[in-house]
Protein chains: 2
Amino acid sequence: MEAAGTIRALSALAQEHRLAAFRLLVQAGPEGLAAGTLAEAVGAAPSAMSFHLAQLDHAGLVTQRREGRSIIYSANYPAMTGLLAYLTENCCAGDACGIDTPAACVSTEFA
Amino acid sequence: MEAAGTIRALSALAQEHRLAAFRLLVQAGPEGLAAGTLAEAVGAAPSAMSFHLAQLDHAGLVTQRREGRSIIYSANYPAMTGLLAYLTENCCAGDACGIDTPAACVSTEFA
DNA sequence: ATTATATCTCAATATTTATTGAAATATTGG
DNA sequence: CCAATATTTCAATAAATATTGAGATATAAT
């Protein structure tokens, strides 16, 4: 992930309702959750939730599919992984720095 | 890390100059970098960089120390780790979901 | 077809956040 | 003490983002 996309993803997550919704989606797994379910769970008005989900979608952090009259959102795991990797990339210039961070795992094994 | 602190951290990182500065600090390791060095490296005015570094500091993502006339900033690695853990916490409800994410590593081994 | 449900879009307003430049503070060297 | 360096603080302006409510669209059930 490059800088612009990373900033879009971080901005998307840096909001109470969106962070709560995204975490619910991460925990829900690939089956995802309906927009209305998320709105109720995080306490947002439907139109506000729609706006927020569009932000997460635009940032590439979630995917959506229609199922009946509901629109189901799911976490985009590779995007999340890429975000974490970008933040920890090349930690301590790549030295075995002994710092208590998952950087080694995040930055090299996953992309 | 709880929701409010996480949002502060994500907001702090969701800005071009601050993200660039934080990544430089992560890569620089515990020795850190001076405010002026960061300002020049990311192309920000000194007063703007000061504002941005204060945001990162307020979010707990960096620490600072004076060294001569310079103020040296360093990445706060445990804070970064906590942020990553919060995002991936309880991924797929804790099931072995087989999803390509460092969640298992981030959420349980580090806090 | 009609009605109800689920969600989205749009425009207006309110709020938050970033940038700029001038002035203040702290430190070092002469 | 005085001048130079490094950084911060403050106030003004500019720009981006969130919230609200009304209306539009798509789907399903009767």
Side-chain angles (χ1 to χ4, degrees), chain A residues 3-25 28 31-76, chain B residues 3-25 28 31-76:
Chain A
T6 302
I7 287 169
R8 224 176 301 123
L10 290 166
S11 300
L13 292 172
Q15 203 277 342
E16 183 188 352
H17 293 155
R18 291 196 295 262
L19 178 60
F22 181 73
R23 274 168 42 93
L24 287 172
L25 292 177
E31 286 179 22
L33 295 167
T37 304
L38 288 168
E40 188 174 15
V42 309
S47 74
M49 190 77 253
S50 185
F51 167 78
H52 290 313
L53 288 169
Q55 302 263 115
L56 289 170
D57 182 56
H58 181 235
L61 289 167
V62 301
T63 58
Q64 60 189 95
R65 66 180 194 276
R66 180 174 278 278
E67 210 162 274
R69 16 188 156 175
S70 294
I71 296 188
I72 311 287
Y73 289 84
S74 310
N76 181 346
Chain B
T6 301
I7 287 168
R8 224 176 300 123
L10 290 166
S11 300
L13 292 172
Q15 203 278 341
E16 184 188 352
H17 292 155
R18 291 197 294 263
L19 179 60
F22 182 73
R23 274 166 44 91
L24 287 173
L25 291 177
E31 286 178 23
L33 295 168
T37 304
L38 288 167
E40 190 174 14
V42 309
S47 74
M49 190 78 255
S50 186
F51 168 78
H52 291 313
L53 288 169
Q55 302 263 114
L56 289 170
D57 183 55
H58 182 233
L61 289 167
V62 301
T63 58
Q64 59 188 90
R65 66 180 193 276
R66 180 176 279 277
E67 211 162 273
R69 13 190 154 174
S70 294
I71 295 188
I72 310 288
Y73 287 85
S74 309
N76 181 346

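Chain A is the first sequence line, chain B the second, and so forth, proteins listed ahead of strands; every chain is numbered from 1.
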Engineer: B:A34 near the nucleic acid: base, sugar-phosphate alone, or nothing, with a heavy-atom cut-off under 4.0 Å?
Structural biologist: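 B:A34: backbone/sugar contact only, no base atoms under 4.0 Å.
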Engineer: State, yes or no, whether a side-chain contact exists between A:L38 and A:L33 at a heavy-atom distance under 4.5 Å.
Structural biologist: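 A:L38 vs A:L33: side chains touch.
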Engineer: If I take atom CZ in residue B:F51 and atom P in nucleotide C:dA22, what distance separates them, rounded to the nearest angstrom?
Structural biologist: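 It works out to 19 Å between those atoms.
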Engineer: For the side chain of A:H52, starting at C-beta, report the closest nucleotide among C:dC8, C:dT20, D:dT19.
Structural biologist: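 Of all the options, the side chain of A:H52 is nearest to D:dT19.
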Engineer: Report the residue (A:Y73 or B:H17) whose heavy-atom-nearest nucleotide on DNA chain C is the more 5′ of the two.
Structural biologist: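 Taking each residue's closest nucleotide, the earlier one in sequence belongs to A:Y73.
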Engineer: Hey, is the side chain of A:S70 poking within less than 4.0 Å of OP1 or OP2 on C:dT7, counting only N and O atoms?
Structural biologist: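 Yes, within the criterion.
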Engineer: Grab the CD-C1' distance between A:E67 and C:dT7 for me, whole Å please.
Structural biologist: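 Going from CD in A:E67 over to C1' in C:dT7 covers 15 Å.
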Engineer: Would you say B:L13 and B:R18 make side-chain contact, with heavy atoms under 4.5 Å?
Structural biologist: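 Heavy-atom side-chain distance check fails, nothing below 4.5 Å.
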Engineer: Between C:dT20, C:dA18, D:dT20, spot the one nearest the side chain of B:Q15, thanks.
Structural biologist: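 Nearest to the side-chain atoms of B:Q15, counting from C-beta on, is C:dA18.
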Engineer: In whole Å, I'd like the distance from the CG atom of A:L33 to the P atom of C:dT7.
Structural biologist: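 After rounding, the reported distance stands at 11 Å.
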Engineer: For A:M49 and C:dA6, what is the distance between atoms CE and P respectively, to the nearest whole Å?
Structural biologist: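 Rounded to whole Å, this separation is 16 Å.
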Engineer: Base, sugar-phosphate alone, or nothing: which one does A:S47 contact when heavy atoms must sit under 4.0 Å apart?
Structural biologist: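 Touches a base.
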Engineer: Of the nucleotides D:dT19, C:dT7, D:dT8, which has the atom closest to the B:A35 side chain?
Structural biologist: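 Closest of the options to the side chain of B:A35: D:dT8.
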Engineer: Starting at CG of A:L56 and ending at C1' of C:dC8, how long is that distance when rounded to a whole Å?
Structural biologist: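 My rounded result for the distance is 16 Å.
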Engineer: To the nearest Å, how far apart are B:D57 CG and D:dT9 C1'?
Structural biologist: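 So the CG-C1' distance, B:D57 to D:dT9, works out to 15 Å.
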Engineer: Output the rounded distance in Å from CZ (B:R69) to P (C:dT28).
Structural biologist: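 Roughly 7 Å, once rounded to whole Å.
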